[in-house]
Amino acid sequence: MKTKNKKTMYTVDQLAEAAGVFGSNPVLVKAALVTAGQETYTEEDARKVIEMFKQKEVK
């Protein structure tokens, strides 16, 4: 039974497999999350990291 305060954590690989949920591809999702430096993320945190990564200027 889940409690409201406990959010599910996902690994980088799990989130990359579900890249469509973020409107992206697995390579971009994995790059964004690995660059951020954590091993696990909530869906909400992953979404924020991925969006920030997409908006970075490419040099």
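Because the structure is a prediction, the values reported are computed rather than measured.
- Within 6.0 Å of the CE atom in M9, the count of heavy atoms belonging to other residues, nucleotides or ligands exceeds 12.
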Please table the atom pairs, donor to acceptor, closer than 3.5 Å between any side-chain atom in residues 19-38 and protein atoms at least two apart or in another chain.
from: N25; atom 1: OD1; to: V27; atom 2: N; distance (Å): 3.1
from: N25; atom 1: OD1; to: L28; atom 2: N; distance (Å): 2.8
from: K30; atom 1: NZ; to: D13; atom 2: OD1; distance (Å): 2.8
from: T35; atom 1: OG1; to: A31; atom 2: O; distance (Å): 2.6
from: Q38; atom 1: NE2; to: T40; atom 2: O; distance (Å): 3.0

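- Under the 4.5 Å side-chain criterion, counting only non-hydrogen atoms from C-beta, I50 is not in contact with R47.
- Remark: E44 pairs with K7, K48 by the salt bridge (Lys or Arg N to Asp or Glu O under 4.0 Å) rule, at least two apart or across chains.
- For residues 50-59, there are no side chain to side chain donor-acceptor pair (under 3.5 Å) pairs, not counting sequence neighbours.
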